[in-house]
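Notes follow once the structure below has been shown.
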Amino acid sequence: MARILDEALIYEILSVVEEIPEGKVATYGQIARLIGRERNARLVGRVMSMAEFYGSYPCHRVVNHAGRLVPGWDMQGVLLEDEGVVMKKEDYVDIKRCQWKI
DNA sequence: TACCTGACCTAAT
DNA sequence: GATTAGGCCAGGT
């Protein structure tokens with residue numbers, strides 16, 4: 001299989017993710033906008049799922065616009081709570097209170 | 001090769 | 001405020 005995604009894009013996304021402060025969360029769309037791909041939030045999510053192959057990044061601080069966590073990744077909620085992120089429900093963060101303001 | 005699906009978003013109704 | 005429709009890109013089958 002050839003190269004999966006453009007590496008420059010991946011590193012741009014990951015460098016943004018790296019900037020998310022502890023106790024805050026960012027949305028896919030927010031990141032997509034920061035890298036100049038406003039409508040490509042899906043790519044951000046895809047990169048997140050492959051981020052582990054490129055290094056250690058706080059991808060648990062990335063959620064969707066509704067604040068829902070990644071389905072099937074229970075550790076994410078634990079990690080976020082440990083950092084002080086306010087949880088609304090079991091699988092939802094309080095995005096209004098904890099969203100990363102640029 | 002073609003179609004469907006997905007860690008999604010925004011704007012319009 | 002909730003629901004619908006449209007858009008974008010890559011992977012998997």
Side-chain angles (χ1 to χ4, degrees):
Chain A
M1 195 177 291
R3 127 179 134 269
I4 305 175
L5 280 175
D6 189 14
E7 285 196 1
L9 180 60
I10 293 174
Y11 285 120
E12 264 192 282
I13 292 175
L14 292 179
S15 64
V16 172
V17 172
E18 213 171 20
E19 293 296 315
I20 304 174
E22 201 174 289
K24 295 288 178 183
V25 297
T27 69
Y28 299 100
Q30 201 175 355
I31 294 173
R33 189 177 306 183
L34 282 175
I35 64 170
R37 292 253 195 311
E38 186 166 358
R39 302 184 172 173
N40 282 28
R42 279 198 154 135
L43 283 190
V44 178
R46 198 166 293 282
V47 170
M48 288 300 102
S49 68
M50 302 190 298
E52 51 185 331
F53 298 111
Y54 292 88
S56 299
Y57 297 89
C59 34
H60 60 278
R61 293 183 193 141
V62 183
V63 296
N64 74 356
H65 74 287
R68 196 195 65 174
L69 305 182
V70 177
W73 186 17
D74 298 336
M75 278 301 294
Q76 186 179 18
V78 178
L79 290 170
L80 289 174
E81 256 188 318
D82 198 46
E83 292 182 355
V85 174
V86 181
M87 304 294 293
K88 239 179 171 181
K89 295 175 65 177
E90 187 82 7
D91 290 335
Y92 285 81
V93 302
D94 194 338
I95 189 71
K96 299 203 174 190
R97 290 177 58 87
C98 298
Q99 182 167 23
W100 177 37
K101 307 283 197 297
I102 311 273

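Quick note: numbers below take in every heavy atom, side chains included, and nothing from hydrogens, waters or symmetry partners. Sequence lines set the chain letters: A, B, ... in the order given, protein chains first and strands last, and positions in each chain run from 1. As the structure is a prediction and not an experimental result, all values here were calculated from the model.
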Return the value, rounded to whole Å, for the distance between atom CZ of A:R37 and atom C1' of C:dG7.
-> 15 Å
Using only heavy-atom distances, decide whether a donor-acceptor pair under 3.5 angstrom links the side-chain of A:R46 to the base of B:dG6.
-> yes
Interatomic distance where CG belongs to A:L43 and P belongs to B:dG6 [whole Å] = 16 Å
Is the closest side-chain heavy-atom distance between A:I13 and A:Y57 below 4.5 Å?
-> no
Would you mind pulling out the nucleotide paired to B:dA7, Watson-Crick or G-U wobble, both distances under 3.5 Å?
-> none
Value in whole Å for how far the P atom of C:dA10 lies from CG of A:N40 | 8 Å
Atom-pair distance (CD1 on A:I13; P on B:dA7), nearest Å | 16 Å
With sequence neighbours left out, write down each residue that passes salt bridge (Lys or Arg N to Asp or Glu O under 4.0 Å) with A:E18, or none if nothing qualifies.
-> none
Looking only at atom C1', what distance separates C:dG7 and B:dG6, rounded to whole Å?
-> 14 Å
State whether A:E83 and A:R61 are salt-bridged, where the test is any N-O pair (Lys NZ or Arg NE/NH1/NH2 against Asp/Glu carboxylate O) under 4.0 Å.
-> yes
C1'-based separation of B:dA7 from C:dA5 [nearest Å] | 22 Å
Can you tell me the distance, in whole Å, between the CD1 atom of A:I95 and the P atom of B:dA7?
-> 18 Å
Quick one: do A:L14 and A:W73 end up in the same hydrophobic cluster if we chain Ile, Leu, Val, Met, Phe, Trp and Tyr together by side-chain heavy atoms under 4.5 Å apart?
-> yes
Length of the line joining A:I10:CD1 and C:dC9:C1', which is rounded to integer Å = 13 Å
Whole-angstrom distance between C:dG11 and B:dT1, as gauged at atom C1' | 15 Å
Do the non-hydrogen side-chain atoms of A:V93 and A:Q99 ever get within less than 4.5 Å of each other?
-> no
May I have the distance from A:E12 (atom CD) to C:dC9 (atom P), rounded to whole angstrom?
-> 15 Å
Anything under 3.5 Å between a protein N or O and an N or O of nucleotides 8-13 of chain B, put it in a table, one pair a line.
{"unit_1": "B:dC8", "atom_1": "OP1", "unit_2": "A:R68", "atom_2": "NH2", "d": "3.2"}
{"unit_1": "B:dC8", "atom_1": "N4", "unit_2": "A:R42", "atom_2": "NH1", "d": "3.0"}
{"unit_1": "B:dC8", "atom_1": "N4", "unit_2": "A:R42", "atom_2": "NH2", "d": "2.2"}
{"unit_1": "B:dC9", "atom_1": "OP1", "unit_2": "A:H65", "atom_2": "N", "d": "2.6"}
{"unit_1": "B:dC9", "atom_1": "OP2", "unit_2": "A:H65", "atom_2": "N", "d": "3.1"}
{"unit_1": "B:dC9", "atom_1": "OP2", "unit_2": "A:H65", "atom_2": "ND1", "d": "2.5"}
{"unit_1": "B:dT10", "atom_1": "OP1", "unit_2": "A:R33", "atom_2": "NH2", "d": "3.2"}

4.5 Å side-chain heavy-atom contact, A:I95 and A:H65 | no
Is A:L69 close to A:M87 at the side-chain level, that is, under 4.5 Å between some pair of heavy atoms?
-> yes
